[in-house]
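Everything below concerns the one structure shown next.
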Protein chains: 2
Amino acid sequence: MNRHQKEKADEASGQGRPTLKTLAFMTGLGVTTVSRALKDAPEIGAETRRRVQLVAKQIGYRPNRAGVRLRTGKTNVISLVLNTEHEIMSFVSDIIYGVSEVIADTPYHLIVTPYSRSQDPLDPIRYLVETGSADGVIISRTQPNDPRARYMLERGIPFATHGRTDMGLIHPYHDFDNYAFAAEAVRHLAGLGRRRLALLAPPVELTYHGHTLAGFADALSEVGASEIPFNTVSIDHSIEQIRMRTAQLMRRESRPDGFISSAAAATLAIVAGIEDAGLKLGRDVDVVSKQSSELLHLFRSELLVVNENFRLAGAELARSVLGWIGGAAPGTLQSLSEPGEVQAYRRPD
Amino acid sequence: MNRHQKEKADEASGQGRPTLKTLAFMTGLGVTTVSRALKDAPEIGAETRRRVQLVAKQIGYRPNRAGVRLRTGKTNVISLVLNTEHEIMSFVSDIIYGVSEVIADTPYHLIVTPYSRSQDPLDPIRYLVETGSADGVIISRTQPNDPRARYMLERGIPFATHGRTDMGLIHPYHDFDNYAFAAEAVRHLAGLGRRRLALLAPPVELTYHGHTLAGFADALSEVGASEIPFNTVSIDHSIEQIRMRTAQLMRRESRPDGFISSAAAATLAIVAGIEDAGLKLGRDVDVVSKQSSELLHLFRSELLVVNENFRLAGAELARSVLGWIGGAAPGTLQSLSEPGEVQAYRRPD
DNA sequence: GCTATATACTGAAACGTTACAGATTGTCAC
DNA sequence: GTGACAATCTGTAACGTTTCAGTATATAGC
């Protein structure tokens with residue numbers, strides 16, 4: 001053993017985190033061989049492969065992310081891009097948990113990339129792409145003509161959108177079927193004898209605003225009910241504004257006898273507005289609302305709810321992005337979640 | 001210009017992402033000089049420094065994270081470690097937004113590291129430390145004797161805890177003053193003539209369980225009120241269980257005339273339980289609850305609330321970790337957030 | 001006994017960065 | 001004119017990984 005080799009050995013047996021060099025020294029092989037043995041390359045003997053993998057497991061070898069990333073450009077990172085002002089609360093944590101669930105036994109890390117209202121929504125995307133900070137991206141608040149999706153499609157970076165686009169371009173997405181939700185809600189209200197329905201919709205710029213309106217309109221004509229316009233507010237407005245507008249609406253002669261709400265927080269405001277006007281839920285008016293956690297029935301037992309599972313959405317989105325990174329065709333990574341039945345309150349046993 | 005230099009130049013002017021080499025070529029300097037000029041090293045001439053920085057800005061140079069990380073070990077990552085089952089929803093997103101706000105104009109990225117109930121809470125921490133995946137860590141669900149804090153303290157990795165420990169060890173934290181919250185709540189209820197108070201506390205293993213109980217007990221004896229034990233459930237229990245236990249309690253002869261609740265979701269269950277027992281909020285019993293968003297008053301206007309700002313907590317936690325990374329003394333990075341007044345509902349104008 | 005070919009392994013280079021150890025000037029004291 | 005010293009800049013090596021271009025040995029064909 002010459003001086004050069006001696007030094008190498010000394011380094012490799014040092015107590016720092018084990019590297020390929022450590023493994024190479026311990027097995028008596030070259031780093032190249034070790035590197036290949038660990039990824040089951042065919043040109044490595046079966047016996048050697050097993051031996052290397054055994055030693056690696058024994059000493060708890062874990063590839064250095066910076067080394068891999070520098071050499072290959074692979075970051076092993078998925079970025080979830082969030083709007084810090086608009087995103088509804090519970091929504092966010094559920095999505096995060098869903099994503100986490102899926103990437104838990106992969107080498108991927110989840111980084112949260114925020115942007116605020118004041119910024120161009122493209123800013124964080126540009127940052128991610130320009131700096132190569134992620135292998136895949138998940139975005140929400142998807143628009144029919146979404147510049148972010150277009151941008152990422154142009155650059156060839158894998159992504160998935162929460163909600164669909166409408167640009168004639170194919171990309172992975174997960175969406176809740178808001179057309180079906182609105183239509184079912186209308187039918188349910190019609191079944192209760194309600195005939196004059198108001199819709200508190202998502203903000204116009206988002207794709208699912210259109211879906212929701214279409215489901216609402218189609219079912220209205222199907223059941224022969226009519227719409228009471230309520231489009232001066234959306235679920236993005238403040239609780240106070242929604243409450244006030246609802247109260248105003250309910251004091252009119254031509255008030256609705258049914259509401260459909262696209263978000264649980266907004267529903268609280270609607271109910272408050274209804275009661276501000278001196279009317280009673282279940283008697284003067286019925287409300288069907290989406291919710292993502294089972295809380296609305298505690299709020300008012302007269303509420304009618306449809307559940308939207310955001311944890312599932314997060315999981316599906318993560319699966320889609322990983323699939324695209326893994327080489328699957330984007331068109332095969334799209335999913336739509338169907339709403340369950342409209343649920344009335346059932347008293348606990 | 002010899003062949004060797006020519007090649008270098010060709011590479012450096014290529015259209016890939018600019019690196020130090022690109023800058024070195026453009027300015028006619030060496031990479032070492034450029035590297036130093038960018039970080040304002042004193043041995044670089046003022047004029048050169050300006051020139052390099054100007055060019056860097058012009059062509060949008062951004063240091064390659066993998067390069068820095070490999071060379072220095074600095075990850076520029078803060079990890080937020082979350083329990084995917086227990087963490088209350090809105091809570092999580094607010095903390096994330098708070099952290100994001102603070103690290104927005106730093107080179108730091110936020111990664112979310114989840115762990116589930118089935119796992120040892122130390123697992124994710126060990127992973128982060130062993131793989132050197134983060135420069136700083138934020139943990140929640142802090143316990144009086146917290147193995148995670150102890151572990152990180154031993155390894156010398158900067159972290160901050162949401163909630164305090166009680167091990168005689170010094171580390172950064174941010175906490176809400178739950179002692180003051182419980183005490184104020186008791187005083188407020190006593191002021192309304194309530195004398196028999198029940199507390200729905202945090203789970204026993206968390207540090208703030210103790211704080212809350214202490215504030216509750218101290219104020220009880222101060223105002224001469226008594227406790228109706230309600231310790232078969234905590235805010236970690238399911239909505240259904242809390243509701244059922246509350247209803248049971250309220251049907252007893254010795255029922256409380258006041259409740260204090262440490263979490264908004266649990267408060268919904270308490271109110272439901274109260275009403276299940278045929279009693280009326282504000283008449284038979286008053287409830288003081290913490291909340292992190294202004295929703296409880298919409299739920300029942302009779303509720304009394306104290307606000308806890310989790311976005312602020314996230315921001316403080318991020319500042320603490322960054323401070324520690326930056327070399328500040330851990331003991332100077334501790335903060336306690338005082339609760340505001342107990343708020344009754346005020347009708348909107 | 002020779003070449004061709006497959007098998008199993010290896011060293012060197014490169015990704016972008018920073019730290020170390022110089023190298024080249026110019027200035028000043030004497 | 002010489003030595004000392006500060007000011008400013010530079011090349012090389014290293015972090016851990018993968019890829020490229022081999023090398024060495026054994027097997028087979030003829």
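Quick note on labels: first sequence line is chain A, next is B, and so on, each numbered from 1.
OP1 or OP2 of C:dT18 lies within a sub-4.0 Å distance of a side-chain N or O belonging to B:S35. Applying the 4.0 Å criterion to OP1 and OP2 of D:dT18, one finds that A:K39 has a side-chain N or O inside that range.
Rounding to the nearest 0.5 Å gives a distance of 11.5 Å between CG of B:L82 and CD1 of B:I139. Of the inter-residue distances, the one linking B:T142 atom OG1 with B:Y173 atom OH reads 11.5 Å to the nearest 0.5 angstrom.
Rounded to whole angstrom, the span from the CG atom of A:L38 across to the P atom of D:dT17 amounts to 9 Å. Residue B:K74 contributes atom NZ, which lies 15 Å from atom P of C:dT17 at whole-angstrom precision. Per the geometry, CG belonging to B:D40 stands 14 Å off P belonging to D:dC9, to the nearest Å. Protein atom CG of B:L70 is 5 Å distant from nucleotide atom C1' of D:dG16, rounded to whole Å. Per the geometry, CZ belonging to B:R50 stands 12 Å off P belonging to D:dT8, to the nearest Å.
Toward the 5' end of DNA chain C, the nearer of the two residues A:R71 and B:R71, judged by each one's closest nucleotide, is A:R71.
A heavy-atom distance below 4.5 Å is not found between the side chains of A:M152 and A:L128. Residues B:L322 and B:I78 meet the side-chain proximity criterion, which asks for heavy atoms closer than 4.5 Å.
In this structure, B:R49 contributes its side chain and B:A41 its backbone to a donor-acceptor pair below 3.5 Å. Remark: side-chain polar atoms of B:R65 are not paired, donor with acceptor, to backbone N or O of A:G132 under 3.5 angstrom.
With C:dT18, D:dT18, C:dG16 as the choices, the nucleotide that has an atom nearest any side-chain atom of B:L20 turns out to be C:dT18.
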What string of B, S and - do you get for nucleotides 5-10 of chain C, 5' to 3', if B is base contact, S is sugar-phosphate-only contact and - is no contact with any protein heavy atom under 4.0 Å?
-> ---BSB
